[in-house]
Amino acid sequence: MLTEKKLRQWVVLGTGGTIAGTAAHAGDHTGYRAGQLGVQALLDGVPGLAEALQGEVLLAEQVAQLDSKDMDHATWQALAQRGQHWLAQPEVGGLVITHGTDTLEETTWFLQQVLASDKPVVLTCAMRPATALAPDGPQNLLDALAVVRAPEARGVLVVCAGQIHTAHAVQKVHPYRLDAFSSGEAGPCGWVEQGQPRWAHSLAPAAALHAQAGAALSRPVADWPWVAVLHSHAGADARQVQALVAAGVRGLVVAGTGNGTLQAGWLAALAQAERQGVAVRLCSRCSQGQLVGTPEGLPLAPLGLNAYKARVSLMLELMA
Ligand code: SIN
């Protein structure tokens with residue numbers, strides 16, 4: 001039987017991002033290079049980390065080193081595999097993942113769908129490079145470790161700028177501000193204050209795994225179904241839909257205007273796409289709320305997801 005002490009190990013997986021970014025000058029908050037420093041260097045740069053851990057063990061592993069605008073399915077699969085490996089270790093209490101902010105919400109939703117564990121996974125990031133005069137990464141990392149070690153933490157969460165977000169609600173809403181993430185109408189599920197999480201509400205137990213999660217961990221990524229995102233807009237041209245179908249797209253997530261309305265020309269093109277076997281899901285390009293009713297008679301993206309997370313869900317659905 002494991003002792004309580006042995007149960008307290010935490011793993012930090014590095015994937016790059018601005019949190020690991022470096023710039024030529026301390027004043028540079030743009031024009032830096034993301035994904036330069038290794039995850040161990042990030043941990044070494046957190047003042048007070050040893051005291052905060054109170055003797056608990058921290059392990060670090062570099063899974064990727066990229067600017068998250070370049071996040072790809074192969075890296076997602078590697079991250080899920082390494083995450084699953086570590087979560088299966090009885091001594092490991094949970095994972096922290098350092099990640100770029102730009103596609104963080106997509107990775108978070110992907111991991112929420114495919115990781116089979118009751119243990120928490122907390123993604124964190126930074127808006128300023130590690131070389132900035134006042135970098136935000138070290139505080140975010142310390143806060144993420146406080147959250148992952150909290151007994152109330154469940155599922156896959158994001159910690160940034162003192163706020164805790166669920167995978168379902170989190171969205172990047174600002175290109176520059178330190179508090180670049182929002183949970184929209186839901187609000188954050190908690191805050192980190194003086195190293196202690198304060199929860200807005202209790203978190204649901206980790207959702208049942210999607211049947212296709214195993215496929216996401218094992219199927220060669222070249223065989224993952226191609227799912228694209230389209231946004232309806234003034235002057236939208238049906239040839240955009242037709243070109244994707246002709247090129248072999250398997251699924252289309254369409255962000256409609258307002259309550260999911262689409263340019264007239266798109267309706268016929270999407271109906272034709274469906275007849276040709278392309279799965280279509282509708283969501284709204286509005287950043288808040290979710291669709292009401294069944295606009296345009298098209299199947300809705302599940303759970304009121306935004307287009308980018310709905311793309312992940314549809315891709316996983318099509319793997320089944
Ligand atoms: C990235 O997403 O990797 C770069 C931008 C950031 O982390 O803020």
Side-chain angles (χ1 to χ4, degrees), residues 12-46 60-80 82-83 95-112 121-145 147-148 156-165 167 169-184 188 192 229 287 306-309 311-312:
V12 184
L13 301 179
T15 72
T18 294
I19 190 168
T22 56
H25 308 287
D28 292 346
H29 292 173
T30 64
Y32 55 85
R33 295 186 63 190
Q36 301 300 305
L37 301 177
V39 62
Q40 188 59 55
L42 301 188
L43 291 168
D44 292 344
V46 179
E61 180 178 322
Q62 196 75 42
V63 175
Q65 187 63 292
L66 43 75
D67 186 322
S68 82
K69 72 179 175 57
D70 297 321
M71 184 53 68
D72 53 30
H73 297 161
T75 307
W76 274 357
Q77 187 175 60
L79 189 56
R82 294 311 296 157
L95 304 179
V96 167
I97 299 175
T98 57
H99 197 286
T101 60
D102 285 342
T103 56
L104 182 137
E105 70 204 58
E106 294 164 64
T107 300
T108 304
W109 186 246
F110 172 74
L111 294 176
Q112 171 81 25
V121 176
V122 180
L123 282 85
T124 194
C125 55
M127 290 297 288
R128 289 182 184 160
T131 48
L133 195 57
D136 50 330
Q139 183 68 59
N140 286 344
L141 197 42
L142 200 56
D143 288 351
L145 283 161
V147 171
V148 80
V156 184
L157 302 168
V158 168
V159 169
C160 182
Q163 297 189 326
I164 314 168
H165 304 275
V170 70
Q171 191 166 350
K172 187 172 182 183
V173 295
H174 201 282
Y176 186 77
R177 251 174 26 202
L178 296 188
D179 58 335
F181 289 89
S182 168
S183 287
V192 187
V229 172
S287 64
N306 72 18
Y308 314 107
K309 293 183 203 174
R311 192 195 77 83
V312 172

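We count ligands from 1, going down the list as the structure has it; atoms in each ligand are counted the same way. Keep in mind it's a predicted model, so treat the numbers as computed, not measured.
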Query raised in the report: Under a heavy-atom criterion of less than 4.0 Å, does A180 contact ligand 1?
Result: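 For ligand 1, residue contact (heavy atoms, under 4.0 Å) with A180 is absent.
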[X] N/O to ligand 1 N/O under 3.5 Å:
X    : answer
T18  : yes
D102 : yes
D67  : yes

Requested in this report: Name all residues meeting the side-chain hydrogen bond (donor to acceptor under 3.5 Å, both in side chains) criterion together with D72; count only those two or more places apart in sequence or in a different chain, and write none if there are none.
Outcome: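 With neighbours one apart ignored, the set is T75.
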Query raised in the report: A60 and V39: which non-hydrogen atoms are nearest, and at how many Å?
Result: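 Shortest heavy-atom contact: CB-CG1, 3.9 Å.
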Query raised in the report: Counting from 1, what ligand 1 atoms have a heavy atom of S68 closer than 4.0 Å?
Result: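 With S68 as reference, the close atoms of ligand 1 come out as 1 (C), 2 (O), 3 (O).
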Query raised in the report: Are any of the side-chain heavy atoms of L104 and V158 separated by less than 4.5 Å?
Result: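 The answer is yes, as the side chains (C-beta and beyond) meet within the 4.5 Å cut-off.
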Query raised in the report: So do the side chains of T101 and M127 get within less than 4.5 Å of each other, counting heavy atoms only?
Result: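 Contact flag for T101/M127 side chains = yes.
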Query - Minimum-distance protein heavy atom relative to atom 8 (O) of ligand 1 - result: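 In this structure, atom 8 (O) of ligand 1 has T101 OG1, 2.5 Å as its nearest protein heavy atom.
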Query raised in the report: Where does the angle between the aromatic ring planes of F110 and W76 fall among parallel (under 30°), tilted (30 to 60°) and perpendicular (over 60°)?
Result: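 Rings of F110 and W76: parallel, under 30°.
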